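If you're wondering where the values come from, they're calculated on a predicted model, not measured in any experiment.
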Amino acid sequence: MILEAIKKEIANHAGELIDIRRKLHSEPELSWEEYQTTEYVFDYLTELGIDCRKTEPTGVIGELSGAKPGKTVALRADMDALSVEELTMDLPYRSKEQGKMHACGHDAHTAMLLIAAKALVSVKDQLEGTVRFLFQPAEEVATGAREMVKQGAMRGVDNVFGMHIWSQSPTGKVSCTTGPSFASADIFNIRFTGRGGHGAMPQACIDASVMASAFVMNVQSIVSRTIDPKQPAVVTVGKMTVGTRFNVIAENALIEGTVRCFDPEVRDHIEKQLEVYARNTAELYGGTAELEYIRGTQAVINEAESAQLARSVAAETFGEDVLYHEEPTMGGEDFSFFLDEAPGCFALVGAGNPEKDTEWAHHHGRFNIDEDALSTGAELYAQYAYSYLNKN
């Protein structure tokens, strides 16, 4: 069930949609620093007549009531940029902030949801229920969604829908898989402590670099030898800091890494095994190890009925051939914290086009999107909300 009036409204504001995205792209703000973006979104929604409030320290929640009472559906867009230097020098809307860039498409998400809000305002007399707009800060550090939930973002919400622009897929394609979509994403830090000394006298020392190196070499067997091969999981050591000088045996070593998986039991198992591997490795060489395990995002698990609704809306709106199946990614998404509060789903909207040089990976300095995808995302937001509220 879609509404042609929404399609026409999105088409009528396609130019404004691009302008908003380019403005936001040129003025990126990092996580928990989205003050100007928050003001811009708040003012835009207010001018539309949408009741809204700011969350602390950044973020906006807006609410649009339809002509008839009913359920409440939430639509989420994230707003933060990354500490990445933009490498496309001739881009007309290139970032004005050195070392900061919308390298993941959150500028597009914000712009798409603003125009979706405008379209929904134009048809509010046909809405049976309430649409809540969640403009979320700090997705890139996996803390924004959780904080918005604490500040009441999901109170009274019956269903929640979000999306991500996706440069790996052709422009306009839509995927919304049932079940796992994004993995949980955790951080671990391990400090190995030995006894330092002269590089020429190893017998008097306990070498932290040897402990850390042994751990890195052995830790992959957690996944390969202690987890069911049918359960996807990744343990990555991304950073190792050890030693101070070429002829000094290191007393300390710090390892930093990440864990990605979909199953909560696998997640618990890996955390415990990291402790076991670190402690036993350190003891083998006569040292000690301390593990800090930080739980980041939950796995994004799309609820079946919601995902089917998203696919049906996309097919009816853009045609059956727009649908494709994206395999679950080990990337993280803190949209998961909204799904802890209500059923819903998270879709991917393709924006990759080799002719426009928009197939660069997310978080790359040359990341960009095919702006033809913006209208697809904006309409998918609006049509999903309308279809969910009016489906019964």
Side-chain angles (χ1 to χ4, degrees), residues 9-10 12-64 74-84 86 91-122 124 131-141 143-145 147-148 151-153 162-165 334-335 349 351 367-369 371 373-375 377-379 381-382 385:
E9 190 72 10
I10 298 292
N12 288 341
H13 295 286
E16 181 186 5
L17 175 53
I18 292 173
D19 289 343
I20 293 173
R21 184 258 165 169
R22 292 186 174 189
K23 168 186 166 57
L24 296 173
H25 187 91
S26 69
E27 302 171 356
E29 295 177 296
L30 301 181
S31 302
W32 296 124
E33 298 177 6
E34 311 93 335
Y35 296 104
Q36 293 183 25
T37 307
T38 293
E39 291 297 329
Y40 179 79
V41 168
F42 182 87
D43 291 345
Y44 192 97
L45 295 178
T46 300
E47 289 179 11
L48 290 177
I50 293 174
D51 292 331
C52 53
R53 66 180 175 92
K54 300 172 188 175
T55 50
E56 295 296 334
T58 52
V60 180
I61 299 174
E63 194 152 298
L64 174 66
L75 304 177
R76 176 270 208 162
D78 39 14
M79 307 189 300
D80 53 330
L82 286 156
S83 52
V84 171
E86 187 142 39
L91 198 67
Y93 47 92
R94 188 175 186 272
S95 171
K96 299 174 184 176
E97 302 291 332
Q98 187 172 0
K100 300 178 184 178
M101 178 195 169
H102 271 292
C104 201
H106 297 185
D107 52 340
H109 304 163
T110 302
M112 293 187 301
L113 188 53
L114 286 173
I115 293 301
K118 176 173 277 192
L120 288 166
V121 167
S122 72
K124 67 178 182 179
V131 183
R132 187 171 297 171
F133 304 97
L134 308 179
F135 290 88
Q136 181 207 310
E139 190 281 328
E140 293 293 356
V141 294
T143 55
E147 186 57 37
M148 288 197 88
Q151 297 186 39
M163 68 176 69
H164 208 299
I165 210 82
D334 76 347
F335 183 79
V349 175
F367 174 83
N368 201 0
I369 68 166
E371 291 176 325
L374 293 172
S375 292
E379 186 170 356
Y381 268 133

*asked:* By the salt bridge (charged side-chain N to carboxylate O under 4.0 Å, His left out) test, which pairs, at least two apart or in different chains, include something from residues 46-60?
replied: Glu39-Lys54

_Value rounded to 0.5 Å, distance of CZ in Phe133 from CG in Leu120_ = 5.0 Å

*Pair Glu86 + Lys100: basic N to acidic O under 4.0 Å*: no

*Taking all atoms of both residues into account, what is the closest heavy-atom pair of Leu45 and Gly62, and its distance?*
CD1-CA, 4.4 Å

*Going by heavy atoms in the side chains, are Leu17 and Leu114 under 4.5 Å from each other?*
no

*Of all heavy-atom pairs between Ala116 and Tyr381, which one has the smallest distance, and what is that distance?*
CB-CB, 3.7 Å

*To the nearest 0.5 Å, how far apart are NE2 in His13 and CD1 in Ile18?*
13.5 Å

*Does the side chain of Leu91 come within less than 4.5 Å of Tyr93's, by heavy atoms?*
yes

*Would you kindly check if the NZ (Lys) or CZ (Arg) of Lys23 is within the cone defined by 45 degrees around the ring axis of Tyr40 and under 6.0 Å from the six-membered ring centre?*
yes

*asked:* For a quick test of reading the model, state the closest non-hydrogen atom pair linking Tyr35 to Pro57 and the distance between them.
replied: CE2-O, 3.8 Å

_For Arg21, is there an ion pair with Asp19 - N to carboxylate O distance below 4.0 angstrom?_
no

*asked:* Keeping Thr37 on the side-chain end and Asp80 on the backbone end, is there a donor-acceptor pair under 3.5 Å?
replied: no

*About how many Å separate CD of Gln136 and CZ of Phe335, when rounded to the nearest 0.5 Å?*
9.5 Å

_Contact summary for Trp32 and Pro137, nearest pair of heavy atoms_ = CZ3-CG, 3.6 Å

*Above 12 or not: heavy atoms from other molecules or residues under 6.0 Å from CD of Gln36?*
no

*Using side chain to side chain contact (heavy atoms under 4.5 Å, CB included) as the criterion, list what pairs up with Ala81, not counting sequence neighbours.*
Pro28, His102

*Distance-only side-chain donor-acceptor flag, Glu140 / Ser31, under 3.5 Å*: no

*So do the side chains of Thr46 and Cys52 get within less than 4.5 Å of each other, counting heavy atoms only?*
yes

*Short question: side chain of His109, backbone of Ile165 - any donor-acceptor pair under 3.5 Å?*
yes

*Check: Leu75 main-chain N/O paired with Arg132 side-chain donor or acceptor under 3.5 Å*: no

*For Lys96, what residues pass the side-chain hydrogen bond (donor to acceptor under 3.5 Å, both in side chains) criterion, not counting sequence neighbours?*
none

*Give the minimum heavy-atom separation between Asp334 and Ala138, together with the two atoms involved.*
OD2-O, 3.9 Å

*asked:* For a side chain to side chain contact (heavy atoms under 4.5 Å, CB included) check, start with the C-alpha distance between Val121 and Ile50, then their side-chain angles and the critical distance, and finish with the verdict.
replied: CA-CA 8 Å; Val121 167; Ile50 293 174; 3.7 Å; yes

*Between CE of Met148 and OG1 of Thr143, what distance do you get to the nearest 0.5 Å?*
12.0 Å

*Distance in Å, Phe135 CZ paired with Met79 CE, rounded so as to fall on 0.5 Å steps*: 8.5 Å

*Measure the CG-NZ distance between Leu64 and Lys118 for me, rounded to the nearest 0.5 Å.*
14.0 Å

*Looking at side-chain heavy atoms only, is the closest gap between Ile115 and Tyr44 below 4.5 Å?*
yes

_Backbone N/O of Gly59 and side chain of Thr38: donor-acceptor pair under 3.5 Å_ = yes

*Nearest heavy atoms of Glu139 and Asp78, plus distance in Å*: CG-OD2, 3.4 Å

*State whether the side chain of Thr110 and the backbone N or O of His106 hold a donor-acceptor pair below 3.5 Å, judged by distance alone.*
yes

